[in-house]
Amino acid sequence: MTDQHVPDPVSGRVCAETDPETGSETDPETGARPASSPRQKEQKGQDAGGLSPLDLGDGRYGEFGGLFVPETLIPALQELETAFSTAWVDAGFRAQLDGLLRDYAGRPTPLTDAVRLAETLGGPRVLLKREDLNHTGSHKINNTLGQALLALRMGKSRVIAETGAGQHGVATATVAALFGLECAVFMGEEDVARQALNVVRMQLLGAEVIPVSSGSRTLKDATNEALRDWVATVESTHYIIGSVVGPHPYPGLVRELQRVIGTEARAQCVASTGGDPSGVIACVGGGSNAMGIFADFLDLPEVRLFGVEAAGKGLESGLHGASVQRGVPGVLHGARTMLLQDEHGQIKEAHSISAGLDYPGVGPEHAALAASGRATYIGCTDAEALDGLRLLSRTEGIIPALESAHAVAALSRLVQEGVFTEDDTVLLCVSGRGDKDMDQVAAYLDLTGRA
Amino acid sequence: MNMLAPQTLSHVLDENRQRGRPSLVVYLTGGLPDLTTTARLVETVALAGADAVELGIPFSDPIMDGPVIQAASQRALTGGTTPEQVFDVVREVSGLLPVGLMTYANIVGHMGWNRFAARAAAAGATAVIIPDLPLEEAESWLLAAQAKGIEPVLFVAPTSSDERILKNAARTQGFLYAVGTLGVTGERHALADTVAALTVRAKALTTKPVLVGVGVSTPAQAAEAAATADGVVVGSAVVRRVLEAAGPDEAVETVQSFVGELRAALDEVAQPMSGPAFDAACELCEAARLTPWFHEDDLCWIAECEACSVPIVVWRHHGLPAPADEKAMLARLGRVAEGRFGEGKWFVDGERRQIPDHWHAHARWKWV
Ligand SMILES: Cc1ncc(COP(=O)(O)O)c(C=O)c1O
């Protein structure tokens, strides 16, 4: 891979240019394509006459990705790809999005030097990327602002979304209110119960929350139902997918919208420490906060990348959401990726204390980063995540979301294992704040007799 | 068990179309309410007048299906239904009528495209339908299916451009599955307006049978769809009856009478075509491969004329084609003639001396 960094003339951001992909044949038995660069030809190029459209490639990340959807949706995905790739190099669009990120969402988010946490762990310097301080309380707003602008650009009057923890649902309902779009959010019945606060928020924002009672009644089933709605309403509706999952062009599109996390964090890290971090840690549900903070570091091999999956009741228990570590390749929700499935190809239910990580799949680019070894995926259990949540709360006065608490727990483990030491600087993504989880945390702590 | 090679979907549906008889394909979920009853239901559906059966291998996350087929899939899976067991059902019933399998990409991909095609073919299935495998992702599957003699059925939808309809029509086999309405499977109060628009468009672009599925729920709707299409696929309306039945016997009984009503409604709108599309007595319709064949597609075939030993292009249908088709076929003939006689050293002889009522033309050598 011969990536070069070229500053994007519109945003001043640094972005990558890779070799054009070599045409690849598929393996007729598995449908797999030979592994190639996980980052397919993604170019923010510039020609003499101005910007050429952003090329998201063909949506293949090594053997993963693709667009496995009913014929009905193909034209809409092609329309979305065109709309995004032209909008992304349109200075007016970028200025509007950047303005909203600054004046509405509150970007740039701070980078907090977690001195007491670092002392307690007795290890590296820890820099927290504070996505919890975004409007609505998580990184999800970065994506929904961008996609809502795309919806407007495509002339769609209605948006739909799936949600697990409710954070993406809230972020979608928020931008729908901001732009006067009709909004429906699909949410598994189990998540409606465990994330009640977010249900009220969405309703207050004017969205219709549609409880989904099929299957495991969590994020997977909410996504099925959103796709089914979209098949029926595609002419008027844009589907705002909440993570780097789904059919092409979504994984690449959502990554680009979340890239701002890592771009800011890298500059902030250089400003405060004089160099790049030695490691980056983020939790992985579908993988959007992780992809967003990883993106600008992918071509810096000296920066170690860690994705943290939900190990639920333990990786060996069968009750977890660790699709990268325990899954096998398959097709779900429009993409070929790592999936928790049984021997016949039926998708298994995931388990996690955290609704946002309770998903049997993962973004295809993460599957490819794991396959190539560029990023490492580890698991933290429900109990470890609760410890992580308490640790960050008590040492820094920051109550993270249960999802982000997995990243804190992972840091603690990596320091214990000696992976990071005093000489290191670790960048950790606090993807969201914990308010939404307080009922559940309280119930869990009472149950186990811990304070 | 049937010892003969099963008739293919193309064979049965093409013949129906040539006779002006609308085709009826019935979808059943494999393993609902149980495997034994599934086999009984296929027999029932065959006897009640279905031309083919689409047998579903249940998948945990069927995104193209509405509540009825979701519930059916869930029940079949809870009952422990596996792909192998559905193959066993196919093995039992494939002698009665062509059986297509319908399932999602993950079930097929998990087994492996080649292995799935091989097992489906060995069980006697003649076609496979995968609603979440669009052309963009289908190349490996199409090769695997072709190698095992499985007909892959592809889709078009109201949102498909003419260009996409052409692409899917070129690669589909058996029939072109026209998703009648914007939406997933399920019963509707009325047939969507999109049905007529899509099927008229599709039929202008392909000579393969075009069947409407998704949202064809009643005998009247089936008849209405058959006015512009070559037939229908009925799923949720049948599966709901199985779900609601008190037991296997009641399921068989209600499905039998419902499929009978669908058949009767379709037969009522059957229209022997003006001028037969297929004439059993016509040598050209027979298309016997007595001499070398140079080319064949949806529209025509080109072979060495048995009598004259020069290339002859023959329309696939009995009668006379539209001018645009005629032009396309002559262009095709020209390419063969060019290779045979050399550039400019040939001419088209369009006179039909022996068989005037089935369009054909010869390319003959000319002195320059
Ligand atoms: C705070 C927070 N972090 C992380 C996630 C997981 O999503 P992703 O992996 O796409 O960042 C969620 C999802 O709901 C979330 O709310």
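Below, chains carry the letters A, B, ... as their sequence lines are ordered, and counting in each starts from 1.
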Using non-hydrogen atoms only, which part of [X] is less than 4.5 Å away from chain A: side chain, backbone, both, or neither?
{"X": "B/Pro62", "result": "both"}
{"X": "B/Leu77", "result": "side chain"}
{"X": "B/Asn168", "result": "side chain"}

I want to check something: taking the side chain as every heavy atom from C-beta on, are A/Pro70 and B/Ile63 in contact at a cut-off of under 4.5 Å?
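Yes, close enough: below the 4.5 Å cut-off.
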
A/Ile347 and B/Phe59, any side-chain heavy atoms less than 4.5 Å apart:
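Sidechains of A/Ile347 and B/Phe59: in contact.
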
Flag the one option from A/Ser216, A/Gly66, A/Ser214, A/Ala232 with the top tally of heavy-atom pairs under 4.5 Å to chain B.
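That would be A/Ala232.
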
Flag the one option from A/Gln341, A/His248, A/Lys348, A/Glu343 with the top tally of heavy-atom pairs under 4.5 Å to chain B.
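Winner by heavy-atom pair count: A/Gln341.
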
Should B/Asp61 and A/Leu332 be marked as a side-chain contact (heavy atoms from CB on, under 4.5 Å) after you check the CA-CA gap, both sets of side-chain angles, and the distance that decides it?
CA-CA 8 Å; B/Asp61 296 81; A/Leu332 181 69; 3.8 Å; yes

Pair A/Arg336 + B/Glu137, salt bridge at N-O below 4.0 Å
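No, no charged N to carboxylate O under 4.0 Å.
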
My understanding is that only one of A/Leu67, A/Val69, A/Asp58, A/Leu77 makes a side-chain contact (heavy atoms from CB on, under 4.5 Å) with B/Glu136; could you say which?
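Option passing the side-chain contact (heavy atoms from CB on, under 4.5 Å) with B/Glu136: A/Leu67.
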
Most chain A-contacting option - heavy-atom pairs closer than 4.5 Å, from B/Ala117, B/Ala157, B/Ala71:
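The candidate making the most pairs under 4.5 Å is B/Ala157.
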
With side-chain contact (heavy atoms from CB on, under 4.5 Å) as the test, would you mind laying out the steps for A/Val331 and B/Leu133 before giving the verdict?
CA-CA 10 Å; A/Val331 172; B/Leu133 195 71; over 6 Å; no

Hey, is the main chain of B/Val184 close enough, under 3.5 Å, to the side chain of A/Arg228 for a donor-acceptor pair?
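Checking the backbone N and O of B/Val184 against the side chain of A/Arg228, no donor-acceptor pair under 3.5 Å is found.
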
List the steps and the verdict of side-chain contact (heavy atoms from CB on, under 4.5 Å) for B/Gln70 and A/Glu225.
CA-CA 11 Å; B/Gln70 281 175 52; A/Glu225 213 47 45; 4.1 Å; yes

